[in-house]
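A short write-up of the structure that comes next.
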Amino acid sequence: MKRYRNGEIWDFEHEVVVATNRPVILGLDGGTTSTVCICMPIMPFSDALPDPLPVLARAVAGCSNHNSVGETAARETLEQVMADALSKSSSNRSAVRAVCLAVSGVNHPTDQQRILTWLRDIFPTQVKLYVRNDAVAALASGTMGKLHGCVLIAGTGTIAYGFTEDGREARAAGAGPVLGDWGSGYGIAALALTAVIRAHDGRGPHTMLTSTILQTLGLSSADELIGWTYADPSWARIAALVPVVVSCAEAGDEVANKILKEAVQELALSVKAVVQRLGLCGADRKNSFPLVMVGGVLEANQRWDIGREVMDFISKDYPGAHPIRPKSYLLCPDMVLGWGRFRVVEPAVGAALLALNEFMKECVQEAYRR
């Protein structure tokens, strides 16, 4: 077990005495906006998980998408948040049995292998390591660790990801803003900024977005908007303007309404692409499957409810889709929200449950081989 370049963050381990009867697992949900790590004890194998789940600690850090901040900064964030979670739970790396790291930007086996190699330098050799895209943890957050169904994430970025019960998987969107993550927070806000410039030039219709966005940003003219945009064109900074677009749409602005309606169609099309490729709906398109819907764009906190509109769009073709749509993620780590016949936990807990499930499977397989 190496100390890696940020070895000093593990100095707390010299002062921590870990009880030998409390092995733990770590689940990480890493995105463009924030990264969350959950520390949870190993639970006995059972069909029914305890309610509430026994979360020992929760730690939060910044962006861990290597496409946004670079590989070095992403690794530093991930290592720091894991260390914080273990420190808060009075544990250390010797107590860890499994880690599931679910982060945005993991789009290819080479991404997974690169992160696995780095993690192996941090943890003892016996620790089971799993690396997935953050969409997988989001799905598990609505299915309590079972990979079946479809998840739609619409936050700063967007992606749809699905699994069949026999392990087949498919994804749509999630390629970043340059390659068209339309329907995401970035996509919505970027179209709004474009609409302001078009209106200013006389190439597009007048829109309430102009005065509202300029007032929100403390700018006096659309010309200044160009400098503001390119001074720091980070995805999350742009995406933060989504509430402005929603408020203008609610006030009746036609341009803002058109942007949101196009976003709804794009998000629904991503889900449909995954459902069709995996056949989740069955031959008659009526089979039931969970559809987990997470991310700030989909939160039901406005009259112009993007998530509800997306679900209405999908239900016309797939009436068996069962939405699992928490209004917000958990502020208290030891709470679980009830949502219909599902339980909903935050994605980092979903990642921890994935780690637990995979760890228990491997333990059973090893016992069988003996």
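Keep in mind that the numbers below use all heavy atoms, side chains included, and drop hydrogens, waters and symmetry copies. These numbers were taken from a predicted model, which means no experiment stands behind them.
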*Do Trp118 and Glu71 have a side chain donor and acceptor closer than 3.5 Å?*
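No.
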
*asked:* Do Ile42 and Val24 make a side-chain contact, defined as non-hydrogen atoms from C-beta onward lying under 4.5 Å apart?
replied: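 Contact flag for Ile42/Val24 side chains = no.
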
*If we only count heavy atoms from C-beta on, is the Leu78 to Leu101 side-chain gap below 4.5 Å?*
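Of all side-chain heavy-atom pairs linking Leu101 with Leu78, at least one is under 4.5 Å.
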
*Anything under 30° is parallel, anything over 60° is perpendicular, the rest tilted; go ahead and classify Phe163 against Tyr161.*
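Aromatic pair Phe163/Tyr161 classed parallel.
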
*Stepwise salt bridge (Lys or Arg N to Asp or Glu O under 4.0 Å) check, Lys286 with Asp284*: CA-CA 5 Å; Lys286 295 182 180 179; Asp284 61 358; 5.7 Å; no

Ionic contact status for [Y] with [X], cut-off 4.0 Å:
| X | Y | answer |
| --- | --- | --- |
| Arg303 | Asp305 | no |
| Glu358 | Lys128 | no |
| Glu309 | Lys261 | no |
| Asp111 | Arg114 | yes |
| Glu169 | Arg132 | yes |

*Before giving the answer on side-chain hydrogen bond (donor to acceptor under 3.5 Å, both in side chains), spell out for Gln265 and Trp182 the whole-Å C-alpha distance, their side-chain angles and the decisive distance to 0.1 Å.*
CA-CA 9 Å; Gln265 292 181 14; Trp182 308 123; over 6 Å; no

_Ser64: which of Asp29, Asp134, Thr35, Thr77 passes side-chain hydrogen bond (donor to acceptor under 3.5 Å, both in side chains)_ =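 Of the listed options, the one satisfying the test is Thr35.
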
